[in-house]
There are 2 protein chains.
Amino acid sequence: MAERRLPPVVARMWGRETTPRHGPRPSLDLARIVAAAIHVADRDGLEGVKMSSVAAEVAMATMSLYRYVGSKDELLIVMADAAVPEPPAYDGGNWRAYLTGWTRANRDFLLGRPWLLALNQHTPPTGPRSLRWLDRALAALAGTGLGYGERINIAVALTNYAARQAAMVHAMTGTATAGSEAIAGLTEYGDILGEVLDPEGYPELTAAVRENAFGSADQWIDDADFTFGLNLLLDGIQALMTRGRD
Amino acid sequence: MAERRLPPVVARMWGRETTPRHGPRPSLDLARIVAAAIHVADRDGLEGVKMSSVAAEVAMATMSLYRYVGSKDELLIVMADAAVPEPPAYDGGNWRAYLTGWTRANRDFLLGRPWLLALNQHTPPTGPRSLRWLDRALAALAGTGLGYGERINIAVALTNYAARQAAMVHAMTGTATAGSEAIAGLTEYGDILGEVLDPEGYPELTAAVRENAFGSADQWIDDADFTFGLNLLLDGIQALMTRGRD
DNA sequence: TCATACGCTGTATAACGTACACAGTAATGA
DNA sequence: TCATTACTGTGTACGTTATACAGCGTATGA
């Protein structure tokens, strides 16, 4: 297995800033740069985040950023965490109700910042904000009799669900962001399939298109579909608990 | 909403090649180029896929590729479909057994070609190979009394599960691919968390780390975790069916 | 006071996608 | 048969973007 190490910024994400002994005081800090980068991403999408544009945002020279971040990739890692809001407070109540809201809130902030979907793809969470979400989910599941391993698995499953759901809504409604073009509205998606499909090779799909199963774009943004899939998971979790009780 | 259109290559993916009337016959075809690109991706990862490297692979000049593909993005779209294998054959049996194998096979080919995880992120499937998977899942669910909308939802949920699971395993075991570094092995992930976490802000997570819930890296590659999450979904689906029957 | 370490920046470079122009070639129509 | 036309293959040039490097200024510690 290849040698791997944690990017140096991770320490700074947790406030482990090393204060220098000599020279002029830094006129910026990491937080301000990250905030600027997030602002650019919100405004211009992820492809608008260039070292030069972020530097312009804080009114400094491009190369100055490298005093605070080792590379653009590091900057993106920190952004990916800093852009995450606080999770909903857990009031000690029903796990299912809390996790429903938790997952929905998760999806919602991803929809608000679709560029987050492109980050975080290949790295498990190490930042304070992301981990707080995990912690809260574990807390909500504390009274269920499940072990830590199972609880973590559940939280991960729900996180993933939120992310994929957001990605799908985003692709379908097409609030263009990253480099890749989204397909037109979902109505057109059904049209495209109907146009291109070979009925013999794809019998079921053809039938689905004929029945207008890909009907309206609203259907995907609608809460109904989100709740549908979520309940698939939650029912599964519930089944696991009752099974474990025997 | 912004105007969007299907990339021109999609037609070619379905064999709609327009044969030219004049001039020299092309010495290549799209399929050969895509195969070369996939070969490069398998060997060097997605970041190794450059127009120049793919061209070298087919022993042509870089710019020649643009006779077959409109842009690098188009090439990636076609790759993302062509690299997908055939889904397992459906023998008409039990839906749950089939979908279990289907999802596992889905995860497995993603693990075999981790670079596929980075593609397909923002675009719903339009290629013949990807859609065949969807068709088969719909077929397996045909006898369950569920409508097309529900069946599509289920297939999507399972696809997403497979993708996220593969992404996680890949991140954890760290078969380095894309630009972003994976974190070290999972054992170290637990160590990192333990080192960096503030016990007051993250009580549950701290406890989980102390109980070694992030224990061994094998645990994530292990089938146990995969089956666990999958059964969460399948149990949920089953619950949906019995509910619908009332 | 001076040496040292550090902050800020301008310039230069390297990598990569791709626009463009040109040369060679084969089908078409007279 | 030959000019026309459309199409292929390719070399060159350019634009974008990340970042290596070196120089200059500044505040701290001896």
Side-chain angles (χ1 to χ4, degrees), chain A residues 7-9 12 16-34 36-37 40-41 44-79 115 118-119 178-181, chain B residues 7-9 12 16-34 36-37 40-41 44-79 115 118-119 178-181:
Chain A
V9 258
R12 288 197 204 173
R16 313 260 186 292
E17 301 252 14
T18 51
T19 34
R21 309 262 158 235
H22 289 282
R25 236 165 303 162
S27 52
L28 256 57
D29 57 3
L30 183 57
R32 214 183 303 261
I33 291 177
V34 172
V40 173
D44 304 333
L46 197 55
E47 88 258 0
V49 178
K50 320 178 209 302
M51 296 308 271
S52 53
S53 62
V54 175
E57 194 73 21
V58 292
M60 302 212 80
T62 303
M63 290 308 295
S64 304
L65 300 186
Y66 288 92
R67 289 284 153 192
Y68 302 87
V69 214
S71 67
K72 182 180 179 181
D73 278 339
E74 282 196 2
L75 176 58
L76 293 176
I77 289 174
V78 188
M79 285 175 67
W115 50 268
L119 307 176
S180 51
E181 293 272 319
Chain B
V9 260
R12 288 195 203 175
R16 312 260 189 291
E17 300 253 13
T18 52
T19 33
R21 308 263 159 235
H22 291 284
R25 235 165 302 163
S27 51
L28 256 58
D29 56 4
L30 182 58
R32 213 182 303 263
I33 291 177
V34 171
V40 172
D44 305 331
L46 198 54
E47 89 257 1
V49 178
K50 320 177 208 300
M51 295 310 269
S52 54
S53 62
V54 175
E57 193 73 21
V58 293
M60 301 211 81
T62 303
M63 290 309 294
S64 303
L65 299 186
Y66 288 92
R67 291 286 163 198
Y68 302 86
V69 207
S71 68
K72 184 181 179 181
D73 279 339
E74 282 197 2
L75 176 58
L76 293 177
I77 288 174
V78 188
M79 284 175 68
W115 50 269
L119 307 175
S180 50
E181 294 273 319

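FYI, side chains are in, hydrogens and waters are out, and symmetry mates aren't considered; it's all heavy atoms of this structure. Proteins get letters first, then strands, A, B, ... in listed order; numbering begins at 1 in each.
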Show the distances under 3.5 angstrom between N or O atoms of the protein and N or O atoms of nucleotides 25-29 of chain C.
residue: C/dA27; atom: O3'; partner: B/R21; partner atom: O; Å: 3.3

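You can see that DNA chain D meets the heavy atoms of chain B within a 4.0 Å-exclusive cut from D/dT5 to D/dT12, reading 5' to 3'.
When rounded to the nearest whole Å, the span between CG of B/L76 and C1' of C/dG17 equals 12 Å. Across the protein-nucleic acid pair, A/E47 atom CD and C/dG17 atom P stand 17 Å apart, rounded to whole Å.
Residues B/V78 and B/R12 have side chains not in contact (no heavy-atom distance under 4.5 Å, counting atoms from C-beta outward).
Every residue two or more places apart in sequence or in another chain was checked for a salt bridge (charged side-chain N to carboxylate O under 4.0 Å, His left out) with A/E74, and none qualifies.
Of all the residues in residues 57-69 of chain B, B/T62, B/M63, B/Y66 reach under 4.0 Å from DNA chain C with at least one non-hydrogen atom.
Taking every heavy atom of both residues into account, B/V69 and B/L75 meet most closely at CG1-N, 3.3 Å.
Applying the side chain to side chain donor-acceptor pair (under 3.5 Å) test to residues at least two apart or on different chains, none of the pairs has a partner in residues 60-70 of chain A.
The 5' end of DNA chain C is approached more closely, in terms of each residue's nearest nucleotide, by A/S27 than by the other of B/G70 and A/S27.
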Would you mind writing out the side-chain donor-acceptor pairs for residues 49-58 of chain A within the sub-3.5 Å range, not counting sequence neighbours?
residue: A/K50; atom: NZ; partner: A/E47; partner atom: O; Å: 3.2
residue: A/S53; atom: OG; partner: A/G48; partner atom: O; Å: 2.9
residue: A/S53; atom: OG; partner: A/K50; partner atom: N; Å: 2.9
residue: A/S53; atom: OG; partner: A/K50; partner atom: O; Å: 2.9
residue: A/E57; atom: OE2; partner: A/H39; partner atom: ND1; Å: 2.9

